Amino acid sequence: MPTEVRLRFVAADDLPVFYAHQSDPVAAAMAGFVSRSRPAFDAHWQRILARSDCAVRTVEVDGVTAGYVSTFAREGQREIAYWIGRPHWGQGVASRAVVAFLDMVGKRPVFASVMASNHRSIAVLRHAGFAWVETVAGADGVAEQVFRLG
């Protein structure tokens with residue numbers, strides 16, 4: 001188990017790591033995510049970092065960039081998103097990072113949407129205190145679980 005999970009502001013050196021994480025076919029399939037090309041990824045992160053309604057932090061494990069966690073506004077609701085690279089799965093990193101981030105941000109309510117088959121992410125949300133709201137069909141027709149905190 002990692003000795004230190006900490007949150008810090010996103011640095012330019014984090015972006016290649018985030019790109020590699022989202023390019024991992026196993027992780028992308030688990031998240032129900034279509035990996036972006038490098039130009040599309042760079043444009044997406046440029047928009048994220050410029051948004052005033054978005055709080056984002058790098059998750060660092062024992063000094064190594066492990067992923068990110070963020071909140072943003074979508075359709076009038078605050079949502080959370082996070083991505084932890086596969087080398088850090090199964091170690092409690094996502095749970096520790098999400099709880100710390102939510103404590104730091106403090107704004108409620110916060111919503112999350114997760115593929116119904118992504119049991120690990122559902123466990124992270126439940127650990128952080130999220131409650132199940134409903135199951136909906138995503139834009140692609142795949143079942144998503146919607147959770148709410150606060």
Side-chain angles (χ1 to χ4, degrees), residues 2 4-89 91-118 120-130 133 136-140 142 144-150:
E4 182 184 18
V5 174
R6 79 177 187 106
L7 304 176
R8 61 171 172 73
F9 287 103
V10 175
D13 291 350
D14 296 325
L15 297 179
V17 178
F18 297 168
Y19 177 74
H21 290 168
Q22 67 94 47
S23 297
D24 177 342
V26 172
M30 180 180 279
F33 179 78
V34 176
S35 297
R36 293 179 172 94
S37 68
R38 188 59 200 238
F41 172 88
D42 289 340
H44 175 73
W45 271 92
Q46 193 170 36
R47 286 189 303 274
I48 287 172
L49 295 172
R51 285 177 67 165
S52 62
D53 68 336
C54 184
V56 61
R57 295 293 184 272
T58 293
V59 177
E60 194 175 80
V61 175
D62 296 332
V64 175
T65 298
Y68 70 87
V69 61
S70 68
T71 60
F72 56 94
R74 183 184 340 201
E75 298 177 12
Q77 294 182 336
R78 179 141 304 278
E79 293 197 24
I80 189 168
Y82 49 90
W83 195 296
I84 303 298
R86 204 159 27 129
H88 301 282
W89 288 5
Q91 301 171 40
V93 172
S95 292
R96 290 165 66 185
V98 166
V99 167
F101 181 78
L102 290 166
D103 286 347
M104 179 193 77
V105 172
K107 295 179 183 175
R108 303 290 187 273
V110 179
F111 291 85
S113 296
V114 180
M115 281 185 50
S117 61
N118 190 343
R120 286 183 175 190
S121 195
I122 290 169
V124 167
L125 294 172
R126 290 194 185 281
H127 176 82
F130 282 80
V133 174
V136 298
D140 55 4
V142 175
E144 292 182 357
Q145 302 288 325
V146 178
F147 291 85
R148 182 180 193 265
L149 176 67

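All of these numbers come straight from a predicted model, not from anything done at the bench.
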CD1 of Ile122 to CD of Gln145, rounded to nearest 0.5 Å, is 5.0 Å

In short, Trp89 meets Ile84 closest at the heavy-atom pair NE1-O, 2.8 Å

Listed by chain and number, what are the salt bridge (Lys or Arg N to Asp or Glu O under 4.0 Å) partners of Arg38, not counting sequence neighbours?
Asp42

So, do Phe130 and Val114 sit near enough that their side-chain heavy atoms are less than 4.5 Å apart?
no

In terms of heavy-atom contacts, Glu4 and Arg6 come closest through OE2-CD, 3.7 Å

Minimal non-hydrogen separation, Ala112 against Ile80, with atom names
CB-CG2, 3.7 Å

Enumerate, atom names and distances included, each donor-acceptor pair closer than 3.5 Å involving a side-chain atom of residues 49-57, sequence neighbours excluded.
residue : atom : partner : partner atom : Å
Arg51   : NE   : Asp53   : OD1          : 2.8
Arg51   : NH2  : Asp53   : OD1          : 3.3
Arg51   : NH2  : Asp53   : OD2          : 2.8
Arg51   : NH2  : Ala73   : O            : 2.9
Asp53   : OD2  : Ala73   : N            : 3.4

Donor-acceptor contact present, side-chain Glu79 to main-chain Glu75, <3.5 Å
no

For Arg8, enumerate each residue passing the salt bridge (Lys or Arg N to Asp or Glu O under 4.0 Å) test, keeping only those at least two apart in sequence or located in another chain.
Asp14, Glu60

Heavy atoms of Leu149 and Ala128 approach each other most closely as CD1-O, 3.8 Å

Any chance you could measure Tyr82, atom OH, to Phe101, atom CZ, to the nearest 0.5 Å?
12.5 Å

List in chain and number order the residues that pass ring pair (Phe, Tyr, Trp, His ring centres under 6.0 Å) with Tyr68, two or more places apart in sequence or in another chain; answer none if no residue qualifies.
Phe18, Trp45

Shortest non-hydrogen contact from Phe72 toward Ala81
CE2-CB, 3.8 Å

Heavy-atom nearest pair, Val124 first then Ala94, reads CG2-CB, 3.7 Å

Do the side chains of Val59 and Leu7 get nearer than 4.5 Å, heavy atoms only?
yes

Does anything in residues 15-34 form a side-chain hydrogen bond (donor to acceptor under 3.5 Å, both in side chains)? List the pairs, not counting sequence neighbours.
Asp24-Arg86

Check: Thr65 and Asp13 side chains under 4.5 Å, non-hydrogen atoms:
no

Quick one: salt bridge (charged side-chain N to carboxylate O under 4.0 Å, His left out) pairs with a partner in residues 100-111, sequence neighbours left out?
none

If you measure from CE on Met30 to CZ on Arg120, what distance do you get to the nearest 0.5 Å?
5.0 Å

